[in-house]
There are 2 protein chains.
Amino acid sequence: MATMKDVAKAAGVSLGTVSNVLNNVPTVTEENRQKVLKAIKELKFIPNTAARTLKTKTSKSIGLVIPDITNPFYPELARGVEDAAKKAGLTVFLCNNDRNIQKEREYIRVLIEKNVDGIILVKPNIQAGEIDEIREKCEVVLVDINNIDDKEYDVVNVDDYQGTLNGLNILYEYGHKRIGFITGLLESQSSRYRYEAYIDFLKEKGLEYDEALVKKGSYDWYSGYKAGSELLRLLDAPTAIFASNDLMAIGVLKAARERRLNVPYDLSVMGCDDIDMASLCSPQLTTVRQPKYEIGTASVELLLNRLNSTDKNRSRKGKQIELKTEVIMRESVGYAKT
Amino acid sequence: MATMKDVAKAAGVSLGTVSNVLNNVPTVTEENRQKVLKAIKELKFIPNTAARTLKTKTSKSIGLVIPDITNPFYPELARGVEDAAKKAGLTVFLCNNDRNIQKEREYIRVLIEKNVDGIILVKPNIQAGEIDEIREKCEVVLVDINNIDDKEYDVVNVDDYQGTLNGLNILYEYGHKRIGFITGLLESQSSRYRYEAYIDFLKEKGLEYDEALVKKGSYDWYSGYKAGSELLRLLDAPTAIFASNDLMAIGVLKAARERRLNVPYDLSVMGCDDIDMASLCSPQLTTVRQPKYEIGTASVELLLNRLNSTDKNRSRKGKQIELKTEVIMRESVGYAKT
DNA sequence: ATCTATGAATGAAACGTTACATTTATTATA
DNA sequence: TATAATAAATGTAACGTTTCATTCATAGAT
């Protein structure tokens with residue numbers, strides 16, 4: 001493997017000059033530049049990032065730590081991260097933590113060992129104290145945080161509360177007064193926001209909170225199916241069901257089908273997230289879209305802000321981005337029967 | 001950031017000793033080992049991989065180059081790669097090439113610059129010559145290759161031909177004689193194998209090849225929808241349709257629904273791959289499952305074989321793994337109407 | 001013709017590890 | 001008791017870059 005030294009020798013210049021052309025330092029004369037370029041091509045020289053990283057303390061790689069790429073929410077987010085990273089000359093390590101704090105810690109450690117310039121932590125399980133430790137080593141962006149309120153961090157979030165409210169309001173406009181609600185895992189902040197929105201929505205519309213209409217789900221389709229079945233079995237069954245994610249909404253669709261209920265004529269269903277499946281299932285799911293790809297790109301932007309900042313004074317306040325959701329009207333919501 | 005030097009000083013031993021405890025070299029005395037461990041903890045020392053890589057020429061990272069993580073086929077494969085890599089102490093760079101040879105080349109170059117120990121190329125677009133060049137720098141495993149026949153490479157493939165044949169035979173057992181076929185992109189080897197299987201199936205069963213029953217698809221659901229619609233519009237429409245992937249099969253489901261055809265009573269549909277959606281759509285899709293996760297783990301195994309091999313003589317022949325498919329019976333296939 | 005200022009190229013030190021040849025300390029053998 | 005053999009610890013030279021203080025060369029000013 002050819003090194004810069006070899007290139008220098010081949011080009012008949014010094015090591016420093018080779019470095020200069022590689023880094024586009026303008027002081028090098030055109031003649032030398034050409035000689036070096038020629039040598040690089042001939043020797044098939046490829047710079048060694050390890051050496052560069054050792055010297056410059058920047059690796060041009062970042063870590064993306066997510067719960068599980070296999071969860072249909074994350075591929076698009078990951079793609080957003082990757083595209084934005086690539087544009088900025090960064091390469092990304094993909095890490096799945098399975099919502100397991102131990103794995104999360106391991107990965108973070110490995111990423112630090114690898115001198116990543118930054119880490120994007122999606123739904124982190126670790127706490128503020130640990131995050132501060134990480135920030136001594138590299139930049140950190142938090143996405144969809146559970147339990148960290150500090151304004152000091154860079155954070156990307158989604159307005160889950162408002163989004164859910166919007167979705168429920170549409171259901172209301174369609175004449176629904178009895179609306180079932182399936183929660184996500186309430187450990188997660190976004191789930192709690194969605195649930196709060198439901199409660200506030202009822203209050204605002206002067207509707208009564210009926211415990212029977214609220215079911216706890218766990219994000220997987222089967223929990224939605226079960227919750228949906230229970231809801232539909234009710235004597236006074238809801239005319240619409242809001243599920244805190246699409247997978248569970250699809251479960252509800254299944255439950256409805258089993259009971260020979262026609263969605264949306266007999267029952268309206270609304271999901272959250274807008275995963276691929278939402279537009280592919282039948283009926284197509286009306287849902288509160290999460291800007292998954294944009295979450296990814298926004299996270300990288302925050303990271304780049306820090307990385308390109310000359311202000312190495314770390315006390316700088318964090319920047320919080322809140323991305324907007326959007327209700328995507330498809331087939332699963334219709335007017336309430338009167 | 002504390003270095004080994006700092007640790008050595010704090011522990012009152014030499015640099016080499018620190019290195020030895022870090023690398024579990026057994027010659028270090030228990031007393032010193034403890035002193036070093038203590039110093040490491042106190043100084044919160046984290047080894048610097050860049051320096052280690054520079055010295056040892058191994059980075060403990062690998063690259064995974066896939067078409068697009070957003071394609072439902074790949075998250076599971078990626079997950080398989082990651083899990084197997086993690087177990088072996090490797091971290092993985094995720095690279096999406098969008099089936100674009102230029103992006104593929106760029107990523108490969110970056111990966112080499114980053115001193116990856118190996119690269120897993122899924123559906124590579126580059127040719128044998130280029131691959132040989134890469135192999136001068138690091139190990140390479142090919143997955144689902146299009147156009148490279150050489151037995152010299154490490155390759156993971158799936159028995160698409162046999163899998164398709166199995167699927168078609170099941171359709172036949174269910175009484176179907178007129179079976180529509182939707183191809184994938186015929187640039188891809190696996191698509192061609194599936195198509196060949198269809199042709200051979202007909203021959204074997206003494207069925208006539210009817211051009212009208214074969215439609216070209218492009219892997220996305222809409223192409224399946226279009227092809228399905230055309231097929232069902234036929235005067236002598238097929239009683240079953242085999243789609244070369246699930247997304248297109250779901251498109252067929254949609255086309256059938258539009259024509260008020262009941263799947264599987266009026267029409268049987270079989271897909272390929274078994275993506276998540278296949279079990280979530282309605283009716284649930286019967287499909288030829290691809291062992292996506294296992295493809296990932298198998299690729300890493302091949303990589304590890306090479307990496308752990310003492311035989312640095314690169315002339316060693318490659319190893320080809322062919323993974324088995326499996327027909328997953330669900331709801332979309334039924335008996336042909338007589 | 002000498003001196004200065006400017007621009008370009010050079011050379012060596014440093015980054016944080018590993019690896020290996022030496023040195024030092026300890027124990028066993030004659 | 002001296003010597004050899006063994007075990008443990010040390011010190012130093014890489015690895016391939018970047019960086020920066022020097023040197024060298026050229027041209028302009030006096």
Side-chain angles (χ1 to χ4, degrees), chain A residues 1-37 39-40 43-61 89 109-110 112-117 136-138, chain B residues 1-40 43-61 89 109-110 112-117 137-138:
Chain A
M1 198 97 134
T3 77
M4 280 172 57
K5 220 176 188 171
D6 303 325
V7 172
K9 196 180 295 172
V13 302
S14 78
L15 196 53
T17 301
V18 176
S19 174
N20 285 338
V21 346
L22 246 23
N23 294 293
N24 291 314
V25 174
T27 67
V28 40
T29 176
E30 187 54 26
E31 188 197 346
N32 275 343
R33 153 174 254 91
Q34 290 308 331
K35 280 197 284 185
V36 169
L37 257 21
I40 285 176
L43 296 176
K44 293 187 186 178
F45 165 76
I46 294 187
N48 181 328
T49 304
R52 154 174 288 191
T53 297
L54 181 57
K55 194 76 223 271
T56 64
K57 274 114 177 52
T58 145
S59 64
K60 297 285 182 186
S61 17
R109 172 167 229 277
V110 171
I112 292 175
E113 285 184 10
K114 300 216 188 259
N115 298 279
V116 292
D117 296 338
E136 286 168 23
K137 320 283 187 177
C138 68
Chain B
M1 197 99 133
T3 77
M4 281 172 54
K5 221 175 185 171
D6 302 326
V7 173
K9 197 179 295 171
V13 301
S14 77
L15 195 55
T17 300
V18 176
S19 174
N20 285 338
V21 346
L22 247 23
N23 294 292
N24 292 314
V25 174
T27 67
V28 40
T29 175
E30 188 55 24
E31 189 197 348
N32 276 343
R33 150 174 256 91
Q34 291 307 331
K35 281 197 283 185
V36 169
L37 257 21
K38 180 154 160 277
I40 285 177
L43 297 175
K44 293 188 186 176
F45 166 76
I46 294 186
N48 180 328
T49 304
R52 155 175 288 190
T53 297
L54 180 58
K55 193 76 202 70
T56 64
K57 274 113 176 52
T58 144
S59 64
K60 297 284 182 188
S61 19
R109 172 168 229 275
V110 171
I112 291 175
E113 286 184 9
K114 300 217 188 259
N115 298 279
V116 292
D117 297 338
K137 321 283 187 177
C138 68

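Basis for what follows: all heavy atoms, side chains included, without hydrogens, waters or symmetry-related copies. Predicted, not measured: the structure shown is a model, and the values here were computed from it.
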Kindly say if [X] contacts the phosphate of [N], meaning a side-chain N or O under 4.0 Å from OP1 or OP2.
{"X": "Thr27(A)", "N": "dA9(C)", "result": "no"}
{"X": "Thr17(B)", "N": "dT10(D)", "result": "yes"}
{"X": "Ser14(A)", "N": "dT10(C)", "result": "yes"}

Between atom [atom1] in [X] and atom [atom2] in [N], what is the gap in whole Å?
{"X": "Glu31(B)", "N": "dA8(D)", "atom1": "CD", "atom2": "C1'", "result": "12 Å"}
{"X": "Ile46(B)", "N": "dT17(C)", "atom1": "CD1", "atom2": "C1'", "result": "15 Å"}
{"X": "Ile112(B)", "N": "dG16(D)", "atom1": "CD1", "atom2": "C1'", "result": "17 Å"}
{"X": "Arg33(B)", "N": "dA9(D)", "atom1": "CZ", "atom2": "P", "result": "11 Å"}
{"X": "Asn48(B)", "N": "dG16(D)", "atom1": "CG", "atom2": "P", "result": "16 Å"}
{"X": "Asp6(A)", "N": "dG16(D)", "atom1": "CG", "atom2": "P", "result": "8 Å"}
{"X": "Lys5(B)", "N": "dT18(C)", "atom1": "NZ", "atom2": "C1'", "result": "15 Å"}
{"X": "Met1(B)", "N": "dG16(C)", "atom1": "CE", "atom2": "P", "result": "9 Å"}

Quick check against the 3.5 Å criterion: does Lys114(B) have a side-chain atom that pairs as donor or acceptor with the backbone of Lys60(A)? yes

Glu113(A) to Ile46(B) - nearest heavy-atom pair and separation: CG-CG2, 3.4 Å

Write down the atom of Lys137(A), the atom of Lys44(B), and the distance for their closest heavy-atom approach. NZ-O, 3.8 Å

Name the nucleic acid region contacted by Lys57(B), choosing base, sugar-phosphate or nothing; use a 4.0 angstrom heavy-atom cut-off, strictly under. sugar-phosphate

Given Asn32(B), which of Glu30(B), Lys35(B), Gln34(B) fulfils the side chain to side chain contact (heavy atoms under 4.5 Å, CB included) condition? Lys35(B)

Could you check whether any side-chain heavy atom of Thr3(A) comes within less than 4.5 Å of a side-chain heavy atom of Asn48(A), counting everything from C-beta outward? no

Got Ile40(A) and Leu22(A) here, is their nearest side-chain heavy-atom distance under 4.5 Å? yes

Of the nucleotides [options], which has the atom closest to the [X] side chain?
{"X": "Thr29(B)", "options": "dA9(D), dT10(C), dT17(D)", "value": "dA9(D)"}
{"X": "Met4(B)", "options": "dT17(D), dA19(C), dT17(C)", "value": "dT17(C)"}
{"X": "Leu15(B)", "options": "dG11(C), dG16(C), dT17(C)", "value": "dT17(C)"}
{"X": "Leu54(A)", "options": "dT18(C), dG16(D), dT10(C)", "value": "dG16(D)"}
{"X": "Lys55(A)", "options": "dA19(C), dA9(C), dT19(D)", "value": "dT19(D)"}

Close approaches to DNA chain D from residues 19-26 of chain A, in residue order (heavy atom, under 4.0 Å): Ser19(A), Asn23(A)

Would you say the side chains of Ser59(B) and Ser61(B) form a donor-acceptor pair under 3.5 Å? yes

Specify the residue among Thr3(A) and Asn32(B) whose closest nucleotide of DNA chain D lies further upstream toward the 5′ end. Asn32(B)

CG on Leu43(A) to NZ on Lys9(A), rounded to 0.5 Å: 10.5 Å

